[in-house]
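This report refers to the structure that appears directly beneath it.
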Amino acid sequence: MAGSCPPGLAAAVANAGGLGGMGALMTSPEGISEWVAEFRSQSNGPFQLNRWIPQSTPARNPASEKRMRDFLAKWGPPVPAEVGDVRFPDFEQQCEAFLAAEPFVVSSIMGLFPAAFVRRLKDRGIAWFACVTTLAEALEAERAGADAAVAQGHEAGGHRGSFDQAAAERQGIGLMALLSRLSDKLSIPIIATGGIGDGRGVAAALTLGASAVQIGTAFLRCPEAKTNAAWAGALAELEP
């Protein structure tokens with residue numbers, strides 16, 4: 001969860017027997033190295049580093065951007081025009097930082113890593129977990145060499161990891177239906193994610209063919225996540 005995954009949270013998960021994680025989308029290569037060093041100062045457990053796969057740069061529409069800034073200004077401070085110029089850190093440099101960190105897992109979402117990078121991961125014994133939202137995506141990931149498929153249902157609390165952003169809305173598949181479909185077709189392990197926040201969800205996912213589960217939103221209420229108290233409190237007792 002980019003921006004909500006301090007090393008202390010990942011270390012607590014790893015120390016409890018899980019796989020800690022970092023969403024590195026917005027983090028510089030230097031920041032990735034610092035995160036890893038802090039994690040390792042608190043835990044000897046495993047961790048994963050995650051990155052969105054870049055897609056084509058969207059076309060800019062100044063008039064549309066101005067309407068959005070004007071709308072947002074009604075609910076908070078004025079939004080400067082230059083916010084639209086923000087760019088994520090360099091993808092290739094982040095990949096180099098991933099390799100240097102030597103995590104247990106490197107994971108992808110919204111696409112697949114380039115074949116050359118996948119080969120370098122495997123040469124170093126680093127597993128690759130690929131987030132998928134459909135059977136077609138899962139089969140593509142398996143063919144590309146993914147060591148596991150992270151099956152994300154539309155119950156996910158944040159963004160969905162569709163390979164094609166334009167198709168995401170019409171391909172909203174519930175996690176339980178997705179798990180059943182993937183477990184019949186894949187030979188690689190499946191990790192279930194999306195709407196799982198307690199033991200009942202874990203049990204259901206394992207029953208339907210998952211080898212493990214990945215939890216996101218539920219961890220935002222943990223003190224180690226350092227989530228603003230008002231935001232953390234708003235996550236309690238939400239309706240589905």
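- Remark: the S187 side chain and the E142 side chain contain an N/O donor-acceptor pair separated by less than 3.5 Å.
- Annotation: the span from Q93 atom CD to S28 atom OG amounts to 9.5 Å, rounded to 0.5 Å.
- Taking a cutoff of 4.0 Å between a charged side-chain nitrogen and a carboxylate oxygen, E65 and R60 qualify as a salt bridge.
- Residues V36 and F47 form a side-chain contact, since some pair of their non-hydrogen atoms from C-beta on lies under 4.5 Å apart.
- Taking both residues in full, the closest heavy atoms of L178 and G153 are given as CD2-N, 4.4 Å, listed atom of the first, atom of the second, then distance.
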task = List the steps and the verdict of side-chain contact (heavy atoms from CB on, under 4.5 Å) for L208 and S183.
result = CA-CA 7 Å; L208 290 172; S183 63; 5.9 Å; no

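- For F91, the CZ atom counts as densely surrounded, since its 6.0 Å shell holds more than 12 non-hydrogen atoms of other residues, nucleotides or ligands.
- No single ILVMFWY cluster, assembled from side-chain heavy atoms under 4.5 Å apart, contains both V150 and L112.
- Although no hydrogens or angles enter the test, the distance criterion places no donor-acceptor pair under 3.5 Å between the side chain of S43 and the main chain of F39.
- Within 6.0 Å of atom CZ in R181, 12 or fewer heavy atoms from other residues, nucleotides or ligands are found, so the atom counts as exposed in its surroundings.
- Linking ILVMFWY side-chain heavy atoms closer than 4.5 Å, directly or via other members, places F219 and I191 in two distinct hydrophobic clusters.
- Put simply, CG on L121 and CZ on F113 are 7.0 Å apart, with the number rounded to the nearest 0.5 Å.
- Two residues are said to be in side-chain contact when any heavy atoms from C-beta on lie closer than 4.5 Å; F88 and Q94 fail this criterion.
- Contact check for C222 versus L9: side-chain heavy atoms found under the 4.5 Å cut-off.
- Comment: K66 engages D70 in a salt bridge, judged by a side-chain N to carboxylate O separation of less than 4.0 angstrom.
- Using a 4.5 Å heavy-atom cutoff, the side chains of V202 and I196 are in contact.
- Note: F129 CZ to N50 CG = 11.5 Å, rounded to the nearest 0.5 Å.
- In terms of heavy atoms, G197 sits closest to A218 at CA-CB, 4.1 Å.
- A donor-acceptor pair under 3.5 Å links the side-chain atoms of D198 to the main chain of G201, judged by distance alone.
- Annotation: N44, atom CG; neighbour count of heavy atoms from other residues, nucleotides and ligands within 6.0 Å does not exceed 12.
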ask   = Is there a side-chain contact (heavy atoms from CB on, under 4.5 Å) between E169 and S162 once you walk through the steps?
value = CA-CA 9 Å; E169 187 172 359; S162 175; over 6 Å; no

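- To the nearest 0.5 angstrom, Q214 atom CD is 7.0 Å from C131 atom SG.
- The side-chain heavy atoms of E96 and E92, taken from C-beta on, include no pair separated by under 4.5 Å.
- Closest of all the heavy-atom pairs between S108 and I53 is CB-CD1, 3.9 Å.
- Residue T193 holds its OG1 atom at 10.0 Å from CD of E155, rounded to the nearest 0.5 Å.
- We find the CZ-OG distance between R69 and S64 to be 10.0 Å, quoted to the nearest 0.5 Å.
- When atom types are taken as modelled, the side chain of N15 and the backbone of Q42 share a donor-acceptor pair closer than 3.5 angstrom.
- The backbone N or O of C5 sits less than 3.5 Å from a side-chain atom of W35, completing a donor-acceptor pair.
- Within the 4.5 Å cutoff, the side chain of L235 has no heavy atoms near those of the T227 side chain.
- Between P78 and A73, the shortest heavy-atom distance links the atoms CA-CB, 4.2 Å.
- Here the closest non-hydrogen pair linking E102 and R40 is O-NH2, 3.2 Å.
- Residue K122 places its NZ atom among more than 12 non-hydrogen atoms of other residues, nucleotides or ligands, all under 6.0 Å distant.
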query = Could you walk me through whether V132 and F163 pass the side-chain contact (heavy atoms from CB on, under 4.5 Å) check?
reply = CA-CA 8 Å; V132 300; F163 289 11; 4.1 Å; yes

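- Between the side chain of Q171 and the main chain of T134, no donor-acceptor pair closer than 3.5 Å is present.
- Between A177 and I173, the closest heavy-atom pair is CB-CG2, 4.3 Å.
- Q152 places a side-chain N or O within donor-acceptor distance of the main-chain N or O of G161, the cut-off being under 3.5 Å.
- Using a 4.5 Å cut-off between side-chain heavy atoms of Ile, Leu, Val, Met, Phe, Trp and Tyr, with links allowed through other members, I190 and V106 fall into the same hydrophobic cluster.
- Residues L182 and L135 have side chains in contact (heavy-atom distance under 4.5 Å, counting atoms from C-beta outward).
- Residues I188 and D147 are not in side-chain contact: their nearest non-hydrogen atoms beyond the backbone lie 4.5 Å or more apart.
- Exactly one residue among S107, P46, P103 makes a side chain to side chain contact (heavy atoms under 4.5 Å, CB included) with L19. That residue is P46.
- For E224 (side chain) and A12 (main-chain N/O), no donor-acceptor pair under 3.5 Å exists by modelled atom type.
- Under a hydrophobic-cluster definition in which Ile, Leu, Val, Met, Phe, Trp and Tyr are linked whenever side-chain heavy atoms come within less than 4.5 Å, directly or via other members, V118 and L99 are assigned to the same cluster.
- Taken together through direct or relayed side-chain contacts under 4.5 Å among Ile, Leu, Val, Met, Phe, Trp and Tyr, I109 and F104 form parts of separate hydrophobic clusters.
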